[in-house]
Amino acid sequence: MPESGVGRAQQEHIPSSGTGPETPGLPAPAAKAARRTGLLVTLVLGGLTALPPLSMDMYLPALPAVTDSLSAPAATVQLTLTACLAGMALGQLVVGPMSDRWGRRTPLLLGMVVYVLATAVCALAPTAGLLIGFRLLQGLAGAAGIVIARAVVRDLYDGVEMARFFSTLMLISGAAPIVAPLIGGQVLRVTDWRGIFVVLTAVGIVLTFVVWKWLHETLPPAARHTGGVTDALRTMRGLLADRVFTGYMVAGGLAFAVLFAYISASPFVVQEIYGASPQTFSLLFGLNSIGLIVVGQINGKLLVGRFRLDKVLGLGLAVIVLAAVALLLMTTGVFGEVGLVPVAAGLFVLMSAMGLAMPNTNAQALMRTKHAAGSASALLGTTSFLIGAVASPLVGIAGEDTAVPMAVVQVSCAVAAVACFLLLCRPWQRAGREADGL
């Protein structure tokens, strides 16, 4: 893929390694300031990537309550998740190219303001239809944080450092799925589901202020695209023409669908089928998120740099397939009647393996797209969220009394992810070229 001609050393605020020697092209005081602000920017980017799971997972313990409150069937209430996810997918297609043209800050701040307003209206929604509509708007606006955070990482890092930084972001953003259901469960103790959206509104306001105050521009004017919609579409078409980029993009999207099938179905599976309380569900969900964080840190601290990223990614996808097959066998009764503990163990293994798959698909794809990080990030995010949005309603297609649809969706998407990785990315070919020094 072509390069933009603007090197990492030209970025204004953070050196490319984050901890290395002074950045070439920057005066010494600027390089020192960059190192001082590195941790702060990491936390800001972590907050932006945490916002989507926060918006989703705080709401999960309330899904049965929303069903009763709005007198809507479970499948309709699950569409509130689908709408938010679809909004996040489509919004990235707009915000990504905007950030390549006008920089990262302005589109991000506009998106955050709209997110706050849409979330506040969700708290007042009187019907399921209106809630679905404003969840869609919430997702469209929240897409700015997702796509621009990933683009900023691409602005600042490359190669192994980028893969490690994505693992660091997973540590920060992974705390959101742990804390969010716990907060949601506790909010439900003192108020109804609407209070969850009030809390999310407050979080959005704080994060908007933090972005405005501390996240500086990372894309210099000389590196920005000056074309309009036609140029953005041409750039995306060029990215999609790269078979390997498309392979990582689709494999990552299918892995995300496995994850979102779990997110969408688990409140009903754990609470309605196995009789757990909202608080127990929140604890189990948090435990699974801890597994994802721990494995993500093992990926960034121990595996990346010692093993080829493709090998680590292949391992993660293989474990996801095995865990999904085990869940399918359990839910279909092959092992007889199983309780919550074996199913929870299978979900824990599946979620933990995401710590190997998700950061490495993103890193491998973005390594090929220095010239258009915003558009590439948009395609990665849109693919993941659209595939997840399709998978979400499928998990409830047989009603609330069986977990089989969840397991079927997970197995199908996991196997398809492996197929995309092998057939499109063809990791053995690049391994051979690297061995030959090419």
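In this chain, residues are counted from 1 in sequence order.
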Going by distance alone, is a donor N or O of one side chain under 3.5 Å from an acceptor N or O of the other, for [X] and [Y]?
X	Y	value
T208	Y115	no
Q138	T119	yes
Y248	D242	no

Which heavy atom of [X] sits nearest to which heavy atom of [Y], and what is that distance?
X	Y	result
P427	R308	O-NH2, 3.5 Å
M406	A261	CG-O, 3.9 Å
V250	I387	O-CD1, 4.5 Å
S99	R104	OG-NH1, 2.9 Å
V411	A324	CG2-O, 3.3 Å
T331	A407	OG1-CB, 3.6 Å

Can you check whether [Y]'s main-chain N or O pairs, donor with acceptor, with [X]'s side chain at less than 3.5 Å?
X	Y	result
R194	A125	yes
S266	Y262	yes
D100	S375	yes
T383	L380	no

Answer whether the closest heavy-atom distance between the side chains of [X] and [Y] falls below 4.5 Å.
X	Y	result
W193	V187	no
L379	Q92	no
M88	L140	no
V343	I273	no
P405	V409	no
T76	I132	yes
T80	V66	no
L350	L327	yes

Under the criterion side chain to side chain contact (heavy atoms under 4.5 Å, CB included), I'd like the reasoning laid out for L48 against M112: C-alpha separation, chi angles, the key distance, then a yes or no. CA-CA 10 Å; L48 292 173; M112 292 301 302; 4.2 Å; yes
Apply the test side chain to side chain contact (heavy atoms under 4.5 Å, CB included) to residues L79 and R135: give CA-CA distance (whole Å), side-chain angles for both, the deciding distance (0.1 Å), then the verdict. CA-CA 9 Å; L79 286 176; R135 285 283 279 175; over 6 Å; no
Holding to ring pair (Phe, Tyr, Trp, His ring centres under 6.0 Å), I want the full list of residues that pass it with F281, two or more places apart in sequence or in another chain. F285
Interatomic distance, [X] atom [atom1] to [Y] atom [atom2] [nearest 0.5 angstrom]:
X	Y	atom1	atom2	result
L188	T191	CG	OG1	8.0 Å
D155	E217	CG	CD	8.0 Å
L51	I146	CG	CD1	7.5 Å
R105	L219	CZ	CG	13.5 Å
N362	F256	CG	CZ	10.5 Å
L287	L292	CG	CG	12.0 Å

Who are the salt bridge (charged side-chain N to carboxylate O under 4.0 Å, His left out) partners of R150, not counting sequence neighbours? none
For residues 82-91, pull every pair meeting side chain to side chain donor-acceptor pair (under 3.5 Å), keeping only residues two or more places apart or in separate chains. T82-S392
Give me each pair satisfying side chain to side chain donor-acceptor pair (under 3.5 Å) with a member in residues 339-361, each pair once, sequence neighbours excluded. N299-N360
Stepwise side chain to side chain contact (heavy atoms under 4.5 Å, CB included) test for V153 and L366: CA-CA 10 Å; V153 173; L366 287 172; over 6 Å; no
Between M249, R426, R368, which is the residue that forms a side-chain contact (heavy atoms from CB on, under 4.5 Å) with V244? R368
According to the ring-ring contact (aromatic ring centres under 6.0 Å, His included) rule, which pairs have a member within residues 40-70, sequence neighbours left out?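 Sorted pair list: Y59-F197.
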How far apart are the C-alpha atoms of M358 and L259, what are their side-chain angles, what is the distance that settles it, and do they pass the side chain to side chain contact (heavy atoms under 4.5 Å, CB included) test? CA-CA 10 Å; M358 295 176 67; L259 173 64; 3.9 Å; yes
Can you give me every donor-acceptor pair (side chain of residues 412-421, partner residue at least two apart or in another chain, under 3.5 Å) with its distance?
residue : atom : partner : partner atom : Å
S412    : OG   : V408    : O            : 2.9

